[in-house]
There are 2 protein chains.
Amino acid sequence: MNSQEEVIDFVINGHKDYLPHVSIDSVIFGYHHQQLKILLLKWIGHIGWGLPGGFIKRREPLTDAAYRILKERTRLSDLFLQQFHVFGDSPYRAQERSPAEFREKYGAVTSEDNWLFQRTLSIGYFALVDYSKVDITTDFFTNDFYWCDVNEVPFLLFDQNEVVEMALKMLRLAIYHQPIGYNLLPEKFTIPEIHSLYQTILGKELDQRNFSKKLLTLGLIKKLDERRSIGPHRSPYLYQFDKANYEEALKEGIVHTY
Amino acid sequence: MNSQEEVIDFVINGHKDYLPHVSIDSVIFGYHHQQLKILLLKWIGHIGWGLPGGFIKRREPLTDAAYRILKERTRLSDLFLQQFHVFGDSPYRAQERSPAEFREKYGAVTSEDNWLFQRTLSIGYFALVDYSKVDITTDFFTNDFYWCDVNEVPFLLFDQNEVVEMALKMLRLAIYHQPIGYNLLPEKFTIPEIHSLYQTILGKELDQRNFSKKLLTLGLIKKLDERRSIGPHRSPYLYQFDKANYEEALKEGIVHTY
DNA sequence: CCAAAAGTGTTGGGATTACACCCATGT
DNA sequence: ACATGGGTGTAATCCCAACACTTTTGG
C-alpha cells in the first residue's frame with residue numbers, strides 16, 4: 001500500500017475485503033547479538049511509535065491472517081507465531097475513533113461511520129525472528145521503523161504498551177512450556193548461542209553447565225560431530241534441535257524450570 | 001429475549017447495539033459432587049447441543065461482556081472467568097452462514113447481509129462455577145440445557161468441540177499456575193473437599209498427604225480451629241484460602257507440579 | 001464395637017543448584 | 001605465549017513421590 005490512491009481505496013472500500021471491528025497486533029521479537037528487541041513502526045499522522053498490525057480478510061482463517069501480516073512486513077514465513085490475548089478493555093478499544101482526526105491527518109474525506117473508525121478489538125500475536133535476517137517493508141501508513149530494546153519501550157499508540165507487556169510475559173511463560181529457538185538460531189548452533197538466547201529472553205543469568213545438561217536431558221538438542229570456528233578461541237561443538245522431540249515438546253508442553 | 005418480537009428485533013437491529021463479526025463462547029465448568037461438567041444449551045433450529053455465548057455491545061469493554069453473558073445465563077457474578085483463545089480458523093469460522101437457513105428455522109425474513117450471518121470470530125472464555133448454586137436461564141434461542149460430563153461431550157455445533165477441548169486443556173494448564181477453587185468451594189472447606197476438586201479437574205489421583213502439604217507450603221490455604229461434622233466419621237478440620245497469598249499467586253503465577 | 005473417612009511422617013531417589021579449573025584456538 | 005571464550009564434573013541440598021497405620025465419629 002504505497003500510493004495515495006491505494007490508501008484512499010483502502011479507507012473507503014476496505015470493509016468489503018476485510019472484517020471491521022477486529023484487528024491483529026503483532027509483537028515481533030527480534031533477537032540478534034544477544035539483544036531482544038521488538039519491531040516498532042512510525043505510523044504517519046501519529047506522534048510516537050506503534051506496533052505492526054493489520055486486518056483479517058473476510059474469508060481468511062485467522063491464523064493465515066496473522067502469518068500474512070507478518071510476512072508482508074518481514075518477508076519471513078515459517079516462524080514461531082503465537083496468539084496470546086485479545087485486547088478489548090482499554091478505553092482505546094471500547095470507543096470509536098474520530099474520522100475528523102483522519103481528515104486532518106491524511107487529507108481524505110471519510111464518512112462518519114467509516115469502518116476504520118469504528119471500535120476495533122485487537123488480537124495479539126507474538127513472533128520470534130532473527131532480526132538480522134529480516135527485510136522490513138514500510139508503506140504509506142508506516143514510513144519508518146526501528147528495533148527497540150524490550151527494556152526501553154517508549155510510549156506507544158493506544159493501549160499498545162499493555163500489549164507489549166503482556167506479550168513479554170507470555171513469551172517468558174511460553175519458554176518454560178515449549179521449546180523456543182528453532183526460528184531464532186541457525187540450523188546448527190553452539191551451546192553458548194542458545195544459552196545466551198535463553199538468558200536474553202528471560203532477562204536473567206542461567207548457569208551454563210546446568211543449562212546444557214537440562215537441554216540434553218530433555219532431549220531437545222543433540223550434539224553433532226562438528227565444530228564451529230570462531231576465531232582465536234576454542235572451537236565450540238555444534239548442536240541441532242532433535243526434531244522429533246522438539247515437535248513433541250511443542251505439542252505436549254514441558255513442565256520444568258531452568 | 002423471550003418473545004418472537006424481541007428476537008426479530010435482535011436479528012434486524014442487533015447490529016446497532018452489538019459488534020458484528022465477533023462473539024463470545026463460554027465454556028462453563030460446573031463442579032459438584034466430585035463431578036466436572038460443562039453447561040450445554042439446546043439452540044432451537046439446530047439439532048444437537050452448543051455452548052452458551054453472546055455478543056459484545058458496541059461500547060462495552062470485552063471483559064464486561066464476558067461477565068455479562070455469563071451472568072445473564074447463570075445469575076452469578078464474581079467468579080473465575082478467563083479468556084483462553086480466539087477461534088477463527090475452522091471452516092465454520094471463516095465462512096458466512098446462510099440467511100436461508102435462518103428463514104427456514106425461525107420463520108423470519110432477513111436480508112442477505114444480515115449481521116448474524118456474516119463471518120464471526122469467537123473469543124473463548126472459561127468459567128468455573130458450582131453448578132448446584134446456579135440458576136440457568138433459557139430464552140427464545142435456547143429452550144433447554146444440561147450439564148454434561150466433560151468426558152462425554154456429544155457433537156456440538158460448529159467448531160465447538162474444539163473450543164471445549166482447548167478450554168479443558170487451558171484449565172488444566174491454569175491449575176498449575178494459578179490457585180483455583182475460590183469460586184467452587186464454600187468459604188470454609190475441608191482438605192478432602194479441595195483434594196477431590198483438584199483430582200476431578202485434572203482427571204487423575206493426587207496423593208492426599210503430599211497434596212495438603214503442598215497447598216500449605218505454598219501458603220494458599222490456612223487451617224482453622226474449627227471442624228465440620230460429617231456424620232458417623234471423624235470430623236475434618238476446616239481451612240480457608242489465605243486471601244493475600246491467593247491473590248498474589250493469581251497475579252504472579254506459580255511454577256510447580258502437584 | 002464397627003464402618004467409614006480423616007489425619008499424620010518418613011524415607012529414598014532424582015533433580016536442582018552452586019561452584020572453578022583446564023582446554024583449544026588464532027594471533 | 002597469551003588472551004579469550006569453551007568445555008567439563010561433583011557435592012550438597014532440596015523437592016518430590018511413595019507409602020500405611022492410627023484416630024475419630026455416629027449409629
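The sequence lines fix the lettering, A, B, ..., with proteins before strands; numbering per chain opens at 1.
- Note on Arg68(A) versus Glu72(A): salt bridge recorded, some NZ/NE/NH1/NH2 to OD/OE distance being below 4.0 Å.
- Put simply, CZ on Phe211(A) is 16 Å from P on dA18(C), counting in whole angstrom units.
- Atom OH of Tyr182(A) sits in a sparse spot, with 12 or fewer heavy atoms from other residues, nucleotides or ligands closer than 6.0 Å.
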Got a list of protein N/O to nucleotides 10-12 of chain D N/O distances below 3.5 Å?
from: dT10(D); atom 1: O4; to: Lys213(A); atom 2: NZ; distance (Å): 3.1

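- Ring geometry for Phe189(B) versus Tyr239(B): interplanar angle under 30°, hence parallel rather than tilted (30 to 60°).
- In this entry the distance linking CG of Leu216(A) with C1' of dG7(D) reads 12 Å, nearest Å.
- To the nearest angstrom, P of dG14(C) lies 17 Å from CG of Leu218(A).
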Assign a letter to each nucleotide of nucleotides 20-27 of chain C from its 5' end: B, base within under 4.0 Å of a protein heavy atom; S, sugar-phosphate only; -, no contact. B--BBBS-
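- Under 4.0 angstrom from either OP1 or OP2 of dT8(C) there lies at least one side-chain N or O belonging to Lys223(B).
- Atom CG in Leu215(A) sits about 14 Å away from atom P in dG7(D), given to the nearest Å.
- Note that CZ of Phe145(A) and CG of Leu40(A) are 11.0 Å apart. Values are rounded to the nearest 0.5 Å.
- Screening residues 231-240 of chain B for salt bridge (Lys or Arg N to Asp or Glu O under 4.0 Å) gives no qualifying pairs among residues at least two apart or on separate chains.
- For the atom pair OH (Tyr146(A)) and NZ (Lys37(A)), the distance works out to 9.0 Å, reported to the nearest 0.5 Å.
- Protein atom CG of Asp207(B) is 17 Å distant from nucleotide atom P of dG12(C), rounded to whole Å.
- Minimum interatomic distance between Leu156(A) and Asn161(A) (heavy atoms only, all atoms of both residues): N-OD1, 2.8 Å.
- Relative ring orientation between Phe84(B) and Phe126(B) is described as tilted, the plane-to-plane angle lying within the 30° to 60° band.
- Taking atom OH of residue Tyr237(B) and atom P of nucleotide dT23(D), one finds them 14 Å apart after rounding to whole Å.
- Spacing between atom CD1 of Ile191(A) and atom P of dG9(D) amounts to 14 Å, rounded to whole angstrom units.
- Checking each of Arg228(A), Glu226(A), Arg227(A), Lys188(A) against Tyr237(A) for a side-chain hydrogen bond (donor to acceptor under 3.5 Å, both in side chains) leaves exactly one that passes, namely Arg227(A).
- Taking atom NZ on Lys214(A) and atom C1' on dG14(C), their separation rounds to 12 Å, with Å as the unit.
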